Amino acid sequence: MGKLIYLKDVVTLALDKDKCTGCGVCVTVCPREVLRMDNGSAAVRDRDACMECGACAMNCPAGALSVEKGVGCAAA
């Protein structure tokens with residue numbers, strides 16, 4: 001997929017590495033490949049590519065991800 005970035009540094013995506021169990025669900029459900037697995041836990045690959053759909057946070061069984069759906073571009 002091409003690199004689509006709307007505005008830099010406005011995304012609300014946050015990852016709490018201490019809560020991450022390394023299940024990889026977030027990587028699977030992210031439509032923009034924002035997340036990746038790194039040494040057994042999730043890591044943010046390209047935060048600015050996040051479209052704030054909330055799929056990662058809704059599907060994370062450990063509650064390690066949070067995002068305010070759709071507010072980044074609107075707030076900027």
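Quick caveat, the model's predicted, so the values are computed rather than measured.
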message: The criterion is salt bridge (charged side-chain N to carboxylate O under 4.0 Å, His left out); which residues satisfy it with D16, sequence neighbours excluded?
response: none
- line: One should read off an interatomic distance between M37 CE and T28 OG1, to the nearest 0.5 angstrom, of 9.0 Å
Separation between CG of L65 and SG of C60, rounded to the nearest 0.5 Å: 5.0 Å
CZ-CD distance between R32 and E52, expressed to the nearest 0.5 angstrom: 11.5 Å
query: Of all residues at least two apart in sequence or in a different chain, which pass the side-chain contact (heavy atoms from CB on, under 4.5 Å) check with S41?
result: K17, C20
query: In a check of side-chain contact (heavy atoms from CB on, under 4.5 Å) between V44 and each of V11, L35, D38, which one passes?
result: L35
- prompt: What distance separates R36 CZ from C26 SG, expressed to the nearest 0.5 Å?
  reply: 11.5 Å
field: Heavy-atom closest pair, residues G54 and V67
entry: CA-CG1, 3.5 Å
Smallest separation among heavy atoms of V34 and A49, with atom names: CG2-C, 3.7 Å
field: By side-chain contact (heavy atoms from CB on, under 4.5 Å) - contacts of V25 (at least two apart)
entry: C23, V29, N59
task: Identify the two heavy atoms, one from M51 and one from P31, that lie closest to each other, and give their separation to 0.1 Å.
output: CE-CG, 3.4 Å
side-chain contact (heavy atoms from CB on, under 4.5 Å) against S66, all qualifying residues, sequence neighbours excluded: A14
task: Only counting residues at least two apart or in another chain, list the ones meeting salt bridge (charged side-chain N to carboxylate O under 4.0 Å, His left out) with R45.
output: none
